[in-house]
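What follows is a single structure, written as structure tokens, with notes after it.
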Amino acid sequence: MEVKNEKLLRRSQLQELYGQMGISPQVYEFAAGIEEALKERFMAIDDTVEYNQLKVLGAMQKCRVDATCFAATSGYGYNDLGRDKLEEVYAAAFHGEDALVRPQIACGTHALAVALSGNLRPGDELLSPVGKPYDTLEEVIGIRPSRGSLKEYGVSYGQVDLKPDGSFDYEGIAKALGPKTRMVTIQRSKGYQTRPTLSVERIGELIAFIKERKPDVICMVDNCYGEFVERIEPTDVGADLCVGSLIKNPGGGLAPIGGYIVGKRNYVENAAYRLTSPGLGKEVGASLGVLPSFYQGFFLAPSVVGGALKGAIFAANIYERLGFSVIPNGSESRHDIIQAVTFGKPEGVIAFCQGIQAAAPVDSYVTPEPWAMPGYDSDVIMAAGAFVQGSSIELSADGPIKPPYAVYFQGGLTWQHAKYGILMSLQKLVEAGLVKL
Ligand SMILES: *Cc1c(COP(=O)(O)O)cnc(C)c1O
């Protein structure tokens, strides 16, 4: 009896504070029921966090990380031991041969552009067997005409779409693999699309199919938003290169910039010669003072990703219950940290994003509006009140203002913050009259 009273007291204290923080009792109660039903799934996520924490810890121990790794270098950055060791740690954790992990990689798009242009030569063809790639890659490849694109350098592009049910079009892929096909790009996450995200296992099946027909083709996976969601990574199932951004999952919220490329040594080196210069490759590139945040962020990343995943699942279940279309749905397995919710009208996307912004630790008092972001072909609204600008492992949401008016929600450095953000998004939708509880 007393235990029950204590629990009720704790809960009413919490509800009161949520009330002071702008969450109405109706929103709180509605969400509490949904959270209760997710207990078991959350426990399974904690198990994966534990597994991946050990994986990262093991890599750091194996590479004998020590305090000298955290020193800053300047100038050319010759003999930057901390930088080189961090690359060993990434290679060990991803089970790759080598890695490039650098603050000179400006973002995920840059990491992908470096991996592609470092490994493709004029006359080669790049193939995407999983449909249209992420919006910013369209300009890298030259799908949309763009200065400096691969197309301008004589690299052609082929694409095979997924079938309407989301499965691979194996027949089409076999036909598209020609003598010029040098590289295949596989995007794990759905990005701004409503197709399902690929599991690592499915990526492995696709790579096996491709390598059977053309063993020398380089298989690259755009791993953005996928790191540490599962216990294996694409490099565990045959990917030659795996690429991502440090202001997403593997930076753990602490890395202030950066990207990584991990995989087969030869291909990582080719990327390094493109990032810096032919002849210089991995040998230059001072780490300035960022290495402690790269190491510590990578160490925290499994746990941060676990919190973000809980937030995504919580949001899916809330908005599914309210009758909106959500991808992934409330019960399916997860392969990235992104949650799409389709509102069908701009007002829903805008209210949702304004709620996420209002819940932020930084810039919570500003109101986001749609704008024409470089690299995107429609106006986009972005909510991000982050410690690292534009970081999307921190709680963030964005939506292109075009049909079907879906919002893409991700991140949260802690589950508790992700939860508050989702409650606030719902609060804004209720206040705008777009949702009735
Ligand atoms: C974020 C993302 C990118 C591009 O990364 P930026 O850091 O925004 O340049 C590429 N592919 C996917 C799937 C992404 O999610």
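Just so you know, ligand 1 is whichever comes first in the structure, and atom 1 is the first atom listed for that ligand. The figures here come from the full heavy-atom set of this structure, side chains too, leaving out hydrogens, waters and symmetry mates. If you're wondering where the values come from, they're calculated on a predicted model, not measured in any experiment.
Applying the 4.0 Å criterion to heavy atoms of Tyr225 picks out, from ligand 1, the atoms 15 (O). Using a 4.0 Å cut-off to heavy atoms of Leu112, the atoms of ligand 1 that qualify are 10 (C). Listed by number with element, the atoms of ligand 1 under 4.0 angstrom from any heavy atom of Cys107 are 7 (O), 9 (O).
From the protein, the heavy atom lying nearest to atom 7 (O) of ligand 1 is Gly108 N, 2.7 Å. In this structure, the protein non-hydrogen atom closest to atom 9 (O) of ligand 1 is Thr109 OG1, 2.5 Å. When hydrogens are left out, the protein atom nearest atom 14 (C) of ligand 1 is Lys248 NZ, 3.0 Å; that is the closest non-hydrogen contact. Of the protein's heavy atoms, Asp222 OD2, 3.4 Å lies nearest to atom 13 (C) of ligand 1.
Ligand 1 has no N or O atom lying under 3.5 Å from any N or O atom of Tyr134, backbone or side chain.
Only side-chain heavy atoms of Gln187 come within less than 4.0 Å of ligand 1; its backbone N, CA, C and O stay farther off.
A parallel orientation is assigned to the rings of Phe298 and Phe94, their planes being inclined by less than 30° (bins at 30° and 60°). Ring geometry, Phe352 versus Phe343: the interplanar angle falls from 30° to 60°, so the pair is classed tilted.
Looking at His335, Glu227, Glu233 one by one, the single match for side-chain hydrogen bond (donor to acceptor under 3.5 Å, both in side chains) with Arg188 turns out to be Glu233.
Checking Ser392 against Tyr225 by side-chain atom types alone, a donor-acceptor pair falls below 3.5 Å.
Within the 4.5 Å cutoff, the side chain of Pro133 has heavy atoms near those of the Ile141 side chain.
For the pair Lys345 and Tyr405, the cation-pi criterion (under 6.0 Å, within 45° of the ring axis) is not fulfilled. Cation-pi geometry between Lys248 and Tyr408 is not met at under 6.0 angstrom from the ring centre and within 45 degrees of the axis.
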